[in-house]
Visitor: 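Okay, handing you the structure first.
Sequence lines set the chain letters: A, B, ... in the order given, protein chains first and strands last, and positions in each chain run from 1.
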Protein chains: 4
Amino acid sequence: MSEHDDLHWNSAITQVQPNEVRLRGYRIDELMGRVTFAQAIYLALTGTLPTPETGRLLDAILVASIDHGATPPSALAARTSASTGAPLNAAIAAGILSINQYHGAAIENSMRTLLQVLHITAGDADRLASAADEVVANRRAARERIAGLGHRIHTADPRTARLFALAAETGVAGQGVAAVRALAAALERQTGRALPINVDGAIAALLIDLDLPPEIANAFFIMARVPGLIAQIHEEQTRERPMRAIHPTDHGYDGPPPRALE
Amino acid sequence: MSEHDDLHWNSAITQVQPNEVRLRGYRIDELMGRVTFAQAIYLALTGTLPTPETGRLLDAILVASIDHGATPPSALAARTSASTGAPLNAAIAAGILSINQYHGAAIENSMRTLLQVLHITAGDADRLASAADEVVANRRAARERIAGLGHRIHTADPRTARLFALAAETGVAGQGVAAVRALAAALERQTGRALPINVDGAIAALLIDLDLPPEIANAFFIMARVPGLIAQIHEEQTRERPMRAIHPTDHGYDGPPPRALE
Amino acid sequence: MSEHDDLHWNSAITQVQPNEVRLRGYRIDELMGRVTFAQAIYLALTGTLPTPETGRLLDAILVASIDHGATPPSALAARTSASTGAPLNAAIAAGILSINQYHGAAIENSMRTLLQVLHITAGDADRLASAADEVVANRRAARERIAGLGHRIHTADPRTARLFALAAETGVAGQGVAAVRALAAALERQTGRALPINVDGAIAALLIDLDLPPEIANAFFIMARVPGLIAQIHEEQTRERPMRAIHPTDHGYDGPPPRALE
Amino acid sequence: MSEHDDLHWNSAITQVQPNEVRLRGYRIDELMGRVTFAQAIYLALTGTLPTPETGRLLDAILVASIDHGATPPSALAARTSASTGAPLNAAIAAGILSINQYHGAAIENSMRTLLQVLHITAGDADRLASAADEVVANRRAARERIAGLGHRIHTADPRTARLFALAAETGVAGQGVAAVRALAAALERQTGRALPINVDGAIAALLIDLDLPPEIANAFFIMARVPGLIAQIHEEQTRERPMRAIHPTDHGYDGPPPRALE
């Protein structure tokens with residue numbers, strides 16, 4: 001290809017000029033101190049600056065997934081890489097590369113299921129229960145798990161209850177929350193067994209109510225987890241000797257004792 | 001190694017029990033809605049929950065670096081990977097792997113320089129100017145750049161001014177801010193030419209005043225930039241055709257026009 | 001999980017004992033000097049040591065894909081990462097993360113198409129033409145490209161001819177080669193236009209005749225390309241200044257002039 | 001930067017023209033079937049086509065490092081990523097990102113030590129013993145390990161003996177091999193204890209005698225190990241359930257029993 005080919009392209013995210021950086025039209029220095037990081041994230045991803053109330057819900061979504069201990073494979077992969085002397089960014093990358101279909105993808109999977117339910121209702125809230133029944137029956141016939149319901153460890157995930165309470169408080173709760181509740185009810189109707197809505201299902205519902213597309217659902221898990229991975233990596237680097245054999249489950253907690261917010 | 005070897009180890013970050021996840025001792029569901037993501041990040045990394053005021057400064061630090069357009073190599077690498085059909089996490093990893101010594105490392109480099117200045121003063125603020133002079137003279141003799149001062153594009157980075165104003169407002173500004181100002185003054189004294197404190201130098205100063213160690217300085221750049229990389233990746237996936245030749249500089253901005261916060 | 005859980009597992013690849021490393025049962029020091037790297041690769045992946053003749057074909061397959069210049073996104077991503085000061089392994093990883101559905105996946109896609117053709121024939125070589133017709137018709141109805149046929153740059157890829165000649169010479173050519181030829185013939189019959197079998201289609205055919213499963217087809221592209229990526233990275237590190245803007249297409253060749261093997 | 005800027009650049013590796021791909025001047029289709037992958041690797045990296053004899057040594061070097069079982073962190077990180085459902089390329093990348101200072105860097109470290117010894121001799125072979133003594137004494141004074149000598153598991157690495165035998169046979173053995181032997185002798189003189197030359201030290205010596213620069217030394221480890229990582233990943237994908245806890249040491253071997261080359 002010659003140098004005269006026209007490869008010009010455009011981006012709608014950020015404009016950099018001397019002494020002025022604008023994100024989606026807003027001066028970054030004006031955003032600083034006036035919006036939270038969570039609000040800026042939503043702005044960067046969607047082009048819309050959320051209200052402080054919505055920002056508070058986004059903060060809660062990100063806090064919910066910030067870390068889940070040393071057992072998840074993303075933490076183990078990040079620690080394994082760090083243990084060989086990797087620089088911080090390489091160890092983070094190794095961790096992120098271990099977030100896939102079986103770990104960290106539940107938010108997107110759940111969101112797609114909820115959107116399927118909502119698609120069947122065609123906007124008629126009265127059809128939610130029957131739409132959820134249809135989706136659940138199809139999944140059961142195909143012997144597939146329903147993402148967003150049930151958890152290996154938590155029978156009543158306290159993060160779910162908190163997210164729904166905040167979604168109600170902030171006025172964000174809408175058809176996404178209704179859909180995930182309908183889905184859980186349908187599953188209980190059909191199996192006689194209640195599976196709790198897990199934190200991924202709750203976040204999926206809220207991302208629908210926040211008008212986010214499913215293809216960036218997992219982004220919220222990744223953005224939230226990066227600080228957790230960094231904490232795991234930094235602890236590995238400062239507390240353990242290099243090249244140790246890292247047991248995936250035989251580890252305890254010796255951090256601060258339980259404490260409450262004041 | 002036999003299965004009887006003792007590989008037990010401990011972590012002080014997160015405790016996971018049925019229906020209870022605690023980060024550094026605090027229940028995550030209790031943190032949700034009451035602290036921001038930025039505060040939770042600091043808690044995850046250090047074990048200390050910062051005040052809301054400090055959280056506001058942390059939010060500003062993270063917002064400052066959230067995106068710098070499509071030209072930085074991390075954005076180009078992430079877009080290049082995405083353009084081949086990479087899943088989101090792989091494209092993010094490719095971007096993060098392009099954050100190294102020449103891109104994104106300035107915060108740590110600057111922080112180490114400032115700590116060197118402060119080390120020479122041995123706690124005596126009166127010796128700040130002479131300590132800065134010594135460090136600047138050494139760097140100049142070695143013909144090395146001084147990280148944190150000067151910028152390729154911005155002669156007066158508006159993000160620096162904003163960070164220092166917020167640091168003053170929130171009462172965080174301390175010896176870190178004093179050190180970077182001393183350094184800039186020393187450089188001007190010795191060269192007769194003023195180089196502005198850039199955003200990396202400002203963040204480095206604030207991370208010192210926030211008691212963070214230099215080895216996780218770059219973490220703040222990476223955590224801040226991940227959402228920007230995701231925005232770049234998502235735009236590539238939704239707006240461009242796969243396998244296009246991505247020009248590194250010949251791109252314009254066609255997003256929202258300049259707008260002000262209300 | 002307690003330390004008493006049984007996490008014991010087995011691997012059938014390599015046995016490490018003091019002063020003895022065995023790959024799939026063979027002592028590695030005995031393999032060294034007696035088998036080629038290509039033969040050892042096949043042994044590692046399948047558990048079977050190929051004959052020297054088959055090894056020669058494997059060498060040719062790997063040589064075929066070793067590099068394709070600086071334009072492919074994997075080369076550009078690797079150079080972009082290297083340009084920021086990445087260590088070698090990180091830059092290689094960035095390159096590999098840019099090998100996906102639209103770049104480097106054609107071998108697997110083609111292999112799956114050929115296996116579909118062969119599945120329809122149910123072992124009856126007389127049914128190859130009709131099976132190929134069926135597969136081509138279905139793809140055309142779905143308006144999908146047929147991987148392995150056609151090339152953006154090469155109208156008659158010389159690597160394809162060479163691979164087929166070697167496959168005949170070494171006696172490896174079998175139903176895989178027959179299937180890709182049947183597919184090309186069917187496409188020409190239905191469209192009146194001949195598309196050449198490209199290097200990916202040729203390799204896909206040979207991997208079938210080498211009894212390799214499609215899920216490691218892309219492995220051959222990745223293994224072959226890693227040295228090419230390393231050459232690109234090393235050239236970037238030794239010849240270019242850091243953080244340059246890397247034009248994706250406006251580059252020339254200034255290496256050794258055309259030369260022939262003696 | 002405007003579209004008129006001159007970003008033209010050159011590469012000396014590969015020339016792609018319609019129906020012709022040339023690596024370092026040679027037509028790739030002409031190389032195929034006539035040179036091994038190992039020879040092509042050397043050609044890609046250096047621009048020089050090695051003789052078949054040298055190629056045989058390169059094959060042995062690459063075979064030597066192809067796999068070392070499931071315990072090395074690169075294998076564990078690759079398996080951890082694969083276990084979460086990662087595509088092949090992402091799992092390979094996670095593995096490569098776990099090859100760093102403490103795992104896989106010994107070839108480069110050893111090579112730099114040997115080059116230091118050779119630098120002191122200034123080409124005078126009679127000064128080898130005293131130069132080795134000087135380097136060993138300095139390392140011991142600094143309480144630093146000497147890369148290339150000693151092994152955690154192998155007291156007499158059979159791969160070392162084989163590499164040296166092949167280097168003698170192929171006529172490649174030269175000052176590199178002499179230097180590593182001088183180093184081992186010096187260490188024994190000073191400590192009274194013989195440490196064996198390990199496989200990394202042997203490869204380092206041979207890479208010097210093959211005129212390769214130290215900054216691509218680790219490339220040989222990475223290129224060699226990628227097929228091993230792929231074998232580990234493929235076994236994880238086909239034999240284990242997703243998201244299992246992967247014990248780092250409590251694993252056995254259940255592959256083919258010991259067998260000899262015919």
Side-chain angles (χ1 to χ4, degrees), chain C residues 7-16 18-19 24-25 29-34 36-38 40-41 44-45 59-60 62-64 66-67 69-70 89 92-93 96-97 99 153-154 156 158-159 162 166 216 218-219 223 226-227 230-231 234 245 247 250-256 258-259 261, chain D residues 7-16 18-19 24-25 29-34 36-38 40-41 44-45 59-60 62-64 66-67 69-70 88-89 92-93 96-97 99 153-154 156 158-159 162 166 216 219 223 226-227 230-231 234 245 247 250-256 258-259 261:
Chain C
L7 295 176
H8 186 80
W9 58 286
N10 283 307
S11 169
I13 302 168
T14 295
Q15 188 173 27
V16 178
N19 301 332
R24 303 285 190 182
D29 57 306
E30 198 184 348
L31 294 170
M32 290 162 61
R34 294 186 58 190
T36 60
F37 184 42
I41 287 172
L45 296 179
D59 269 309
L62 292 163
V63 171
I66 196 167
D67 198 60
N89 68 335
I92 296 171
I96 290 177
L97 292 172
I99 295 177
I153 299 172
H154 309 302
R159 297 171 294 179
R162 191 82 187 99
L166 286 164
I216 59 169
N218 293 338
M223 290 185 295
V226 164
I230 293 169
H234 190 240
H247 197 290
D250 186 16
H251 43 72
Y253 172 77
D254 65 355
R259 46 183 170 166
L261 281 178
Chain D
L7 294 177
H8 185 81
W9 59 287
N10 283 306
S11 170
I13 303 167
T14 295
Q15 188 174 27
V16 178
N19 301 332
R24 303 285 190 182
D29 56 307
E30 198 184 347
L31 294 171
M32 289 160 62
R34 294 186 59 190
T36 61
F37 184 41
I41 287 173
L45 295 180
D59 269 308
L62 291 163
V63 171
I66 196 167
D67 198 59
L88 182 61
N89 68 335
I92 296 170
I96 291 177
L97 291 172
I99 295 175
I153 300 174
H154 309 301
R159 298 171 293 180
R162 191 80 187 102
L166 285 164
I216 58 170
M223 290 186 294
V226 165
I230 293 170
H234 190 240
H247 197 290
D250 184 16
H251 43 73
Y253 172 77
D254 64 356
R259 46 182 171 167
L261 280 179

Visitor: Is the shortest side-chain heavy-atom distance between D:R159 and C:M32 below 4.5 Å?
Guide: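 Side-chain contact under 4.5 Å: yes.
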
Visitor: CE/D:M223 to CE/C:M223 distance, rounded to the nearest 0.5 angstrom?
Guide: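 Going from CE on D:M223 over to CE on C:M223, the span is 13.5 Å.
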
Visitor: Is the shortest heavy-atom distance from the side chain of D:R24 to the side chain of C:R259 under 4.5 Å?
Guide: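 Touching, per the 4.5 Å side-chain cut-off.
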
Visitor: As an exercise: rank C:V16, C:I13, C:I153 by heavy-atom pairs under 4.5 Å with chain D and give me the winner.
Guide: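 Ranked by heavy-atom pairs under 4.5 Å with chain D, first place is C:I13.
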
Visitor: Say you draw a straight line from OG1 of C:T14 to OH of D:Y253; how long is it, rounded to the nearest 0.5 Å?
Guide: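 Spacing of OG1 (C:T14) from OH (D:Y253) equals 7.5 Å.
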
Visitor: When heavy-atom pairs shorter than 4.5 Å are enumerated against chain C, which of D:A60, D:A40, D:A70 gives the highest number?
Guide: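 That would be D:A60.
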
Visitor: Which pair of heavy atoms, one from C:H234 and one from D:I216, lies closest together, and at what distance?
Guide: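 Closest heavy-atom pair between C:H234 and D:I216: CD2-CG2, 3.3 Å.
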
Visitor: Looking at D:A12, D:G255, D:G33, which one has more heavy-atom pairs under 4.5 Å with chain C than the rest?
Guide: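 Highest number of pairs under 4.5 Å: D:A12.
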
Visitor: State, to 0.1 Å, how close C:H8 and D:D250 come at their nearest heavy-atom pair, and which atoms those are.
Guide: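 Nearest heavy atoms, C:H8 then D:D250: ND1-OD1, 2.7 Å.
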
Visitor: Quick check on the interface: out of D:V226, D:D67, D:L88, who has the most heavy-atom pairs with chain C under 4.5 Å?
Guide: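 Counting heavy-atom pairs under 4.5 Å, the top option is D:D67.
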
Visitor: Do C:N218 and D:N89 have side chains that get closer than 4.5 Å, going by heavy atoms?
Guide: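 No. Closest side-chain heavy atoms not under 4.5 Å.
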
Visitor: Heavy atoms only, distances under 4.5 angstrom: which of D:D59, D:I41, D:L97, D:N19 has the most pairs with chain C? Name it, please.
Guide: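 That would be D:N19.
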
Visitor: Can you tell me which portion of D:L261 sits under 4.5 Å from chain C's heavy atoms? Options are side chain, backbone, both or neither.
Guide: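 Answer is both: backbone and side chain atoms of D:L261 are under 4.5 Å from chain C.
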
Visitor: So, does D:W9 use its side chain to make a donor-acceptor pair with the main chain of C:G252 at under 3.5 Å?
Guide: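 Absent.
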
Visitor: Highest number of heavy-atom pairs under 4.5 Å with chain C: which of D:A219, D:P258, D:A38?
Guide: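 If we count pairs closer than 4.5 Å to chain C, D:P258 comes out on top.
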
Visitor: With chain D, which of C:L45, C:T36, C:I99 has the greatest number of heavy-atom pairs at distances under 4.5 Å?
Guide: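 Maximum pair count with chain D is reached by C:T36.
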
Visitor: Hey, what do you get for CD (D:Q15) to CG (C:D254), rounding to the nearest 0.5 Å?
Guide: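 That separation rounds to 10.0 Å.
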
Visitor: Can you tell which part of C:I66 gets under 4.5 Å to a heavy atom of chain D, answering side chain, backbone, both or neither?
Guide: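 Answer is side chain: those atoms of C:I66 sit under 4.5 Å from chain D.
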
Visitor: So do the side chains of C:N10 and D:H251 get within less than 4.5 Å of each other, counting heavy atoms only?
Guide: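 A side-chain contact under 4.5 Å is absent here.
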
Visitor: Report the option among D:A44, D:A156, D:G69 that has the most heavy-atom pairs separated by less than 4.5 Å from atoms of chain C.
Guide: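 Among the listed options, the one with the most contacts to chain C is D:A156.
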
Visitor: By a 4.5 Å heavy-atom criterion (distance strictly below it), what part of D:L166 contacts chain C: side chain, backbone, both, or neither?
Guide: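 When you check distances to chain C, only side chain atoms of D:L166 fall under 4.5 Å.
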
